[in-house]
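Remember, it's 1-based here, ligands and their atoms both numbered in the order they're listed. What you see is a predicted model, and the numbers here were worked out from it, not measured in a lab.
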Amino acid sequence: MSAYYGENSFGVSSFVGNAVGWYTIPYSSGTCSYNTFATAAKNAAQAAGVSLSGYNHFVYFFPGISACGWAGLSNVGGNPSNSWINGYNDSYVISHELGHAIGMYHASSLNCGSQQIDDSCTLSEYGDPYDDMGASWIHRHLSAAHKYQLGWGKVQTVTSSGIYTIYPQETANTNTQILKIAKPNSGEAYYIEYRQPIGFDTSLPSNMTNVSVHVFGGAQSQRLDMSPDGNFNDSSLYDGASFVDNANGITITQISHSAVSAVVQVTMNGQTCNKSAPNVNLLPVSQSGSSGQALNYSVSVKNNDNSACGITSFNLSSVVPAGFNSSFNLPTLNISPGSTVSTGLVMTSGAGILDGSYNFTVSAADSSDSNHQSSTTGSYILFTPVPDTTPPIVSVTNPTNGAKITAANIIISVSATDNVKVTKVEISVDNILQVSDVSSPYSHKWNTKKISSGAHTISAKAFDAAGNSSVSSIQITK
Ligand SMILES: [Zn+2]
């Protein structure tokens with residue numbers, strides 16, 4: 001088992017450990033209580049003097065019991081991880097479970113019927129017959145996707161068309177062993193490998209000593225069938241055969257292969273341009289303004305063409321009600337496939353139009369093909385504001401009318417309200433302005449020491465934004 005991982009990792013990784021037991025634990029084999037079995041096994045080992053500290057992975061072996069419907073079971077990842085072996089003291093099964101323990105999910109297959117890849121494929125969990133994490137049932141090398149996941153092997157990321165050479169993935173190599181090609185429509189990537197009958201792959205069938213393609217996005221690796229017939233035992237390419245992904249414009253052709261390497265041609269972005277109508281959105285959809293007012297809207301256009309199309313120029317146009325004017329900040333938007341670009345729209349109402357809600361339409365059309373166009377509707381709600389002629393209501397609340405002042409300092413307090421908003425309150429004594437207060441509470445600290453004995457007038461004048469005002473006064477004596 002350790003030799004298997006040593007060969008797969010080109011000597012980078014191996015397992016070192018100890019086996020202890022057997023221990024008898026007081027549980028029935030009639031129930032598959034594997035977590036309970038693990039705890040009991042650890043307790044029994046510690047009771048026998050075994051120190052369990054410092055281990056990254058625990059594997060629990062027990063005689064096969066039918067209550068557990070599996071050969072082995074494991075956490076995916078974890079430190080320490082836990083794995084269970086149900087009577088299969090077999091290096092392949094142990095390697096599989098420890099593969100989970102170090103982070104790998106299963107080696108699956110993706111059956112796309114008569115296609116190599118499309119959008120209606122079926123995943124078979126254990127469907128890769130050439131990976132220990134699938135259903136090889138004898139040791140085989142891990143696929144390129146899993147080696148990539150574990151950081152084993154020389155990876156080359158392909159971003160442009162060209163001829164690429166891949167070296168066998170069974171032995172260490174300073175040259176490329178794995179080609180990684182992004183699969184944009186799913187966010188995954190293709191992992192291209194080349195296998196030879198070396199080491200744990202010695203018994204690989206001769207039709208599989210070729211280039212294979214896996215899809216991987218972080219969970220299961222997915223072997224694709226290059227000769228799509230649902231049989232993954234002959235799922236490799238051969239010289240002259242191609243893998244074609246039309247949706248992403250990727251073609252991979254195996255040109256030649258030898259004991260040393262395989263040569264493939266990768267063609268990218270070879271797909272044809274498919275144009276679609278854009279999306280047009282208005283923000284806000286509706287807003288209010290008075291006669292003659294210019295209102296600002298934002299128009300956004302999304303180009304829905306596929307990535308094989310170039311940048312498209314979209315011409316903006318509008319249909320507005322009689323008496324309205326519209327103008328776009330940018331009347332033409334140049335947008336690449338999949339992107340969204342916005343510009344401003346100014347809508348102005350004319351004079352003499354009745355109050356009401358007025359709809360207008362904004363359209364974006366492909367300048368090279370006006371069939372690819374979309375529209376959206378917005379509205380301008382026109383209203384004539386009613387002038388504010390109501391003055392504020394104001395009163396002096398402290399001191400009280402007729403009061404006799406004895407204190408040296410008096411707080412003059414004023415109450416003011418308005419049907420819209422009070423903008424200012426002026427407090428005066430004997431017609432001399434003391435303070436102009438723009439926020440409630442309206443007040444003034446009045447020093448009475450310097451005023452003469454006798455009668456005095458305190459007045460408050462409140463204003464609103466329309467310029468309406470009102471005054472209220474009280475008399476006091478000192
Ligand atoms: Zn498994």
So that I know where these two stand, are Phe324 and Tyr358 an aromatic pair - ring centroids less than 6.0 Å apart?
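They qualify: ring centres under 6.0 Å apart.
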State yes or no: are the ring centers of Phe360 and Tyr297 separated by less than 6.0 Å?
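For Phe360 and Tyr297, the ring centres are under 6.0 Å apart.
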According to side chain to side chain donor-acceptor pair (under 3.5 Å), who are the partners of Asp239, at least two apart in sequence or on a separate chain?
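Asp239 satisfies side chain to side chain donor-acceptor pair (under 3.5 Å) with Gln254, His257 once adjacent residues are dropped.
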Close to the Zn ion (ligand 1), meaning under 2.8 Å, how many protein N, O or S atoms are there?
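That number is 3, waters not included.
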Could Asp131 and Arg140 be called an ion pair, given the rule that one side-chain N must be under 4.0 Å from one carboxylate O?
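Salt bridge absent between Asp131 and Arg140.
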Looking at Tyr167, I'd like to know if the NZ or CZ of Lys154 sits under 6.0 Å from its six-membered ring centre while staying within 45 degrees of the ring's axis.
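Pair Lys154/Tyr167 does not count as cation-pi.
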Could you go through the ring pair (Phe, Tyr, Trp, His ring centres under 6.0 Å) check for Tyr126 and His106 one step at a time?
CA-CA 6 Å; Tyr126 293 89; His106 284 135; 4.1 Å; yes
